[in-house]
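The structure appears below as structure tokens.
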Amino acid sequence: MKKRHFDAVPIVDELLTLDADWRSKKGEMESVAADMNKISKEIGLLFREGKQEEANAAKAKTGELKEKEAILKAEVDELEGKITQLMYQLPNLPNELVKAGKSEEDNEIIAEAGTRRVYDFEPLPHWELTEKFDLINFELGVKLTGAGFPVYKGKGAKLQRALIAYFLDEAEKAGYEEHIPPHVVNEASGFGTGQLPDKEGQMYHITEDDLYLIPTAEVPLTNIFRDVILPDENFSIKLTGYTPCFRREAGSYGKDVRGLNRLHQFDKVEIVRIEHPDNSAAALEEMMQHVKGLLEGLGLEYRILRLCGGDTGFAAAMTYDFEVYSTAQEKWLEVSSVSRFDTFQSTRLRLRFKNADKKTQLCHTLNGSALALPRIVAAILENYQTADGIEIPEVLHKYTGFDKIS
RNA sequence: GGAGAAAUGGCAGAGUGGUCGAAUGCACUGGUCUUGAAAACCAGCGUACCGAGAGGUACCGGGGGUUCGAAUCCCUCUUUCUCCGCCA
């Protein structure tokens, strides 16, 4: 927890106190309940035997017990509520590989690949390219909705669709089963994957129906397995799905949000895995290889970061970020985030399996973007630009039907 | 949106105030029998929590209520089905 710069000690101390209190109160309550049940049964017997007077005498005794039980129950409920509240405030325990650190400056770069594009002309940033070739209209999005909701047009739209198809096909080849989930979820789903209550303000909330627009397909895909007990320990569940993602992202500003760098609505193909705890590390590795494969397929220069404690999300035990280099903006853009959650989500989801001893045990969950579109589009436009147009990476040709934008 | 019906264990399906955590069938697990299998027969077979254990508590869609006692009665929400309306 220290790695996160999160002081868990006061919360844990309070939890321990509350828990001890809860145990004793609960024991007391249950013994009162047991007495009540016993008396009720006796009354039933007396009535059947026609002993009205004795039964009524027994009834008289219950009043006090009943009252006592009600008081104890209220106390137990209150303690349970407090305990749950506190537990929700505790982030996941970072994996041993995760280094301590405060912010993104402390993240470790663990791999770099690809070659830097050099230009014999002055490269344009993607927001100028999209305008020049009429691929994405940001102003139109403002008119229809607001900032951060661009309108993709013509070859821009086609490129978008091609990338989605490419990512989904690759995911399918890697054994992930495609799903098209709802784009709106209920509160229970938000809690299941840990967006609630931690990221309450990040999601669009439809108050009238108490539903949330999904910030990622992770939420509906993983919640498919909420309240599920897998029958045995021989499982490895791999899901994928394309969805739009909606994020309020309050408080961001400046050049970081220019163009496609940060949007309120964007497209993403997500991969999700439900794994046996012993297989969690291997699954994470496989997912990394998968994402690498996509980036190499697209011919983009990228690097992989292992996030430090402070930058790792609340729910994750370990996260690897993939960034592609934008030559025109001269900066790294995050295009994927692959995380293992260990039992953090499965605890909230009540997602378990029956182990060899027939005991229920919590599964591990993992997920990753494979990939998030807008910044990939930005990188492709910028890195594949020529003096008079934009080339399309080879792997996309069969999806776009064209190999050049001009 | 309007009218009606329903929600019980993995599934099917009894149960309308007390001995019901819940009949029965199927499925499943173990055993007998068999060279093996099937069939038949016998036994077992929900989940969570508290407790060292004995045991206890809670759960019959969710929440609340009536009662000494609720699967059963009342209120409410959700979901499903049927009919009507509307609709891509």
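Worth knowing before you read on, the calculation uses all heavy atoms, side chains too, and leaves out hydrogens, waters and symmetry mates. Residue numbers start from 1 in every chain, and the chains themselves are labelled A, B, ... in the order their sequence lines are given, proteins ahead of strands. As the structure is a prediction and not an experimental result, all values here were calculated from the model.
The residue I43(A) sits close to a base: some heavy atom pair falls under 4.0 Å. No contact: R350(A) has no heavy atom under 4.0 Å from any strand. Contacts of S31(A) with the nucleic acid, taken as non-hydrogen atoms under 4.0 Å apart, are absent. Among the heavy atoms of the strands lying under 4.0 Å from T62(A) are primed sugar atoms or P, OP1, OP2 only; no base atom is included.
For K41(A) and rG69(B), the NZ to C1' distance is 11 Å, given to the nearest whole Å. In this structure, CG of D35(A) is placed 11 Å from C1' of rG56(B), rounded to the nearest angstrom. One atom, CG of D77(A), and another, C1' of rG63(B), lie 13 Å apart when rounded to the nearest Å. Distance NZ (K73(A)) to C1' (rG56(B)): 17 Å, rounded to an integer number of Å. If you measure from atom CD1 of I39(A) to atom P of rU19(B), you get 16 Å, rounded to the nearest angstrom. Regarding E75(A), its CD atom lies at a distance of 20 Å from the P atom of rU57(B), rounded to whole Å. For L65(A) and rU67(B), the CG to C1' distance is 16 Å, given to the nearest whole Å. Taking atom CG of residue D210(A) and atom C1' of nucleotide rG63(B), one finds them 15 Å apart after rounding to whole Å.
Of the nucleotides present, none pairs with rG9(B) by Watson-Crick or G-U wobble criteria with both distances under 3.5 Å. Here rG46(B) sits opposite rC59(B) as a Watson-Crick or G-U wobble pair (both hydrogen-bonding atom distances under 3.5 Å). Applying the Watson-Crick and G-U wobble criteria (two distances, each under 3.5 Å), rA70(B) pairs with nothing in any strand. Applying the Watson-Crick and G-U wobble criteria (two distances, each under 3.5 Å), rU32(B) pairs with rA40(B). If you check rG21(B) for Watson-Crick or wobble pairing at under 3.5 angstrom, you find it has no partner at all. For rG4(B), the paired base is rC81(B) (Watson-Crick or G-U wobble, both distances below 3.5 Å).
A distance below 6.0 Å separates the ring centres of Y176(A) and H290(A). The aromatic ring centres of H276(A) and F353(A) sit less than 6.0 Å apart. Between F191(A) and Y88(A), the distance separating the two ring centers is shorter than 6.0 angstrom.
For the C1' atoms, the distance from rG21(B) to rU72(B) is 15 Å, rounded to whole Å. Here, rG64(B) and rC87(B) have their P atoms 42 Å apart, quoted to the whole Å. Separation of the C1' atoms belonging to rA14(B) and rA7(B) is 15 Å when rounded to the nearest angstrom. Distance noted for atom C1' between rC74(B) and rG17(B): 13 Å (whole Å). Between rU29(B) and rU67(B), the distance separating the two P atoms is 49 Å to the nearest Å. Distance check on atom C1': rU8(B) versus rC59(B) gives 12 Å, rounded to whole Å. Here, rC42(B) and rG46(B) have their C1' atoms 23 Å apart, quoted to the whole Å. Taking atom C1' on both nucleotides, rA88(B) is separated from rA3(B) by 26 Å, rounded to a whole Å.
Contact check on R306(A) versus D106(A) returns no salt bridge, with no Lys/Arg side-chain nitrogen under 4.0 Å from an Asp/Glu carboxylate oxygen.
At a threshold of 4.5 Å between non-hydrogen side-chain atoms, the residues V228(A) and I274(A) do not count as touching. Residues C245(A) and I214(A) form no side-chain contact, since every pair of their non-hydrogen atoms from C-beta on lies 4.5 Å or further apart.
In this structure, L45(A) and R352(A) both approach RNA chain B, and ranking their closest nucleotides by distance from the 5' end singles out L45(A). Nearest-nucleotide assignment on RNA chain B puts the 5′-proximal partner with T360(A), out of A34(A) and T360(A).
At the phosphate of rU47(B), OP1 or OP2 sits under 4.0 Å from a side-chain N or O atom of K354(A). Residue N37(A) has a polar side-chain atom (N or O) positioned under 4.0 Å from OP1 or OP2 of rU57(B). The side chain of N186(A) contributes no N or O atom lying less than 4.0 Å from OP1 or OP2 of rU78(B). The side chain of K66(A) places an N or O atom within less than 4.0 Å of a non-bridging phosphate oxygen (OP1 or OP2) of rG69(B).
The aromatic rings of H205(A) and Y212(A) lie parallel to each other, their planes meeting at an angle below 30°, with 60° marking the opposite boundary.
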